[in-house]
Structure formats: structure tokens, C-alpha cells
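Nothing here was measured: the structure is a model prediction, and the numbers come from that model. Just so we're on the same page: letters track the sequence lines, and every chain starts at 1.
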Amino acid sequence: RKEVEQDPGPFNVPEGATVAFNCTYSNSASQSFFWYRQDCRKEPKLLMSVYSSGNEDGRFTAQLNRASQYISLLIRDSKLSDSATYLCVVNLDDKIIFGKGTRLHILP
Amino acid sequence: GAVVSQHPSWVICKSGTSVKIECRSLDFQATTMFWYRQFPKQSLMLMATSNEGSKATYEQGVEKDKFLINHASLTLSTLTVTSAHPEDSSFYICSARDRSRTSGRPYNEQFFGPGTRLTVL
């Protein structure tokens, strides 16, 4: 099993729709979790951290399920500018592990 | 937010030459920096972890003699691609980790440089 797994997509979603991604991780001792966004030919940028209690930032909601070892990202009222690759990131001790990313295309 | 710079942003060189890429943390101290490589439509692949004042830790399959890393200060790490070949053409990205708990940023968040696009002819 891969350390961090994501559905590569692409997810083609009409503007205004709600879309959700999941990411699974293999090591139950993983300590912190993040969602990054990467635009084409650009560096990744932190979108949000993921906490056990779940957290929300505007249209974005992130959740962590330690029992099932997955994290999720929900985007509501999607915008054209949300089109990007979303990277799931897991931290274990000093190691940062990136998922391969999920590509999202928002369609006008 | 924290800023990481990379220089140069792009470089084209002839096969056999060496290329040095600089990564700087501009407003925080980074005891640890990371070097990644990303081929088109591929995920980020960690090449090595650079620790200030000590030798870098290379990932499996990454040649340490080809990719020389120097982390001489808390704000600067350099990656030198020695005797570059066309297959080394890629997007090289560095990141720095802010371990500060008082900065208001998530603990262990990584800040990425803008990347260096290397093309070897």
C-alpha cells in the first residue's frame, strides 16, 4: 500500500457544484496533515491544515478520520479559479509525504 | 506569510555543464530544507533533505555525487546538478519548513520556492 494515495482524477465539475476529494494514508502514527494546491507549472501552496475536529475556511472544509486513516477536502460553490491539482500531504516525524495529487477542472 | 525564494527561475544549459540552484528563506530560519523534482504531469518527488551544518540525506535512487547539496546557513541551501544531461531536465522546487509554534502558522508547514525550470540541451 502506498504511503499516501489519492485519486488522480481529473474531476470535471461544473461551476457552482460541490466537489470532494479523499486521501488515504498508510501509517497510523502520522502526525499532521495538510492540503496543498498546485497550479500548472507553479509551486505548491498551502491550502489548509487538517485537524481532527475538522476545519473550515470559507468554501473549503477539511476533515480527518484517524480511525479509517483518511483525510478529505470539500469545496462548495466551486469557482473557475479552483481548477488546480490538490495535493494531500502527511507528516510523520521528520518526513513529509506528498500524494500524487488530484486534478480538478471546473467547467464554465 | 513566509517567503522562500529560488534562483534562477529558469536555466538552459548544454549537456555536461553544472548548474547551481539557490534556495533562500527570506523571513524565517530554516534548519531543514527540502529539494524536490517534478517531471511534467508527475507528482513532486523528494530528492533530498538538507540540514543546516550537516550532510544532506538523499532519497533512494538519487545520486548524491550528481546532485550536490550545501546548506551552509539557516537561510540558504544550494543544489548543484553536476554534469547535467537532457534527462535531468525538470522542475526543481525547494521548500523550507517553519518549525515555529509562535508564528501563527501550522506547525511543520512547508513553504515552497517558486521553482527552477532546468532544460538541458
Side-chain angles (χ1 to χ4, degrees), chain A residues 2-10 21 23 25 27 29-57 60 62 64 71 73 83-105, chain B residues 1-7 9-10 21 23 25 30-52 54 56-60 89-99 101 103-119:
Chain A
K2 292 181 182 175
E3 291 180 292
V4 177
E5 277 198 86
Q6 291 182 254
D7 182 340
F21 314 131
C23 164
Y25 59 96
N27 195 321
S30 298
Q31 294 148 328
S32 50
F33 309 86
F34 307 89
W35 283 104
Y36 277 74
R37 170 194 169 130
Q38 186 176 25
D39 293 292
C40 188
R41 301 169 77 89
K42 299 284 189 181
E43 78 278 17
K45 292 185 188 290
L46 179 68
L47 181 64
M48 58 199 305
S49 302
V50 189
Y51 304 117
S52 297
S53 55
N55 48 304
E56 188 174 309
D57 182 4
F60 298 84
L64 165 64
I71 67 173
L73 177 67
S83 297
T85 296
Y86 291 84
L87 305 172
C88 168
V89 180
V90 174
N91 167 236
L92 173 63
D93 297 327
D94 273 348
K95 197 173 177 185
I96 303 277
I97 306 161
F98 282 81
K100 291 186 181 294
T102 297
R103 284 187 294 140
L104 173 64
H105 295 155
Chain B
V3 178
V4 174
S5 70
Q6 253 182 270
H7 177 81
S9 55
W10 59 270
I21 303 170
C23 177
S25 59
T31 54
T32 305
M33 289 184 172
F34 304 87
W35 287 96
Y36 295 86
R37 181 167 54 181
Q38 188 175 35
F39 293 106
K41 297 188 178 182
Q42 300 290 315
S43 64
L44 286 167
M45 297 298 295
L46 179 65
M47 299 175 67
T49 302
S50 170
N51 299 298
E52 186 266 337
S54 64
T57 303
Y58 290 81
E59 295 298 302
Q60 194 172 10
S89 298
S90 186
F91 191 46
Y92 291 84
I93 307 176
C94 73
S95 72
R97 192 157 65 192
D98 184 352
R99 287 183 169 272
R101 288 187 179 274
S103 67
R105 304 163 188 143
Y107 182 66
N108 266 349
E109 177 186 351
Q110 284 194 50
F111 296 93
F112 287 86
T116 297
R117 191 160 299 281
L118 171 63
T119 301

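Using a 4.5 Å cut-off between heavy atoms, A:Arg41 contacts chain B through both its backbone and its side chain. The part of A:Leu87 that comes within reach of chain B is its side chain, from C-beta onward, which places non-hydrogen atoms under 4.5 angstrom from that chain. Looking at B:Phe91, the atoms closer than 4.5 Å to chain A (heavy atoms on both sides) all sit in the side chain, from C-beta outward. Contacts of A:Lys42 with chain B are made by backbone atoms alone, with heavy-atom separations under 4.5 Å and no side-chain atom involved.
With sequence neighbours left out, the salt bridge (Lys or Arg N to Asp or Glu O under 4.0 Å) criterion links A:Arg37 to A:Asp39.
Interatomic distance, A:Ile96 CD1 to B:Leu44 CG, rounded to the nearest 0.5 Å: 12.0 Å. Rounded to the nearest 0.5 angstrom, A:Phe34 CZ and B:Gln110 CD are separated by 8.5 Å.
No more than 12 heavy-atom neighbours from other residues, nucleotides or ligands sit within 6.0 angstrom of NE2 on B:His7.
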message = Would B:Gln38 and A:Gln38 count as a side-chain hydrogen bond (donor to acceptor under 3.5 Å, both in side chains) here? Give the steps.
response = CA-CA 12 Å; B:Gln38 188 175 35; A:Gln38 186 176 25; 2.8 Å; yes
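Of all non-hydrogen atoms in B:Ser43 and A:Gly99, the two that sit nearest each other are CB-O, 4.2 Å.
Most heavy-atom pairs under 4.5 Å with chain B, from the set A:Cys40, A:Gly101, A:Pro8, A:Pro44: that is A:Pro44. Here A:Lys100 is the residue among A:Met48, A:Lys45, A:Lys100 with the most heavy-atom pairs under 4.5 Å with chain B.
Taking the six-membered ring for Trp and the full ring otherwise, B:Phe112 and A:Phe98 have centroids separated by under 6.0 Å.
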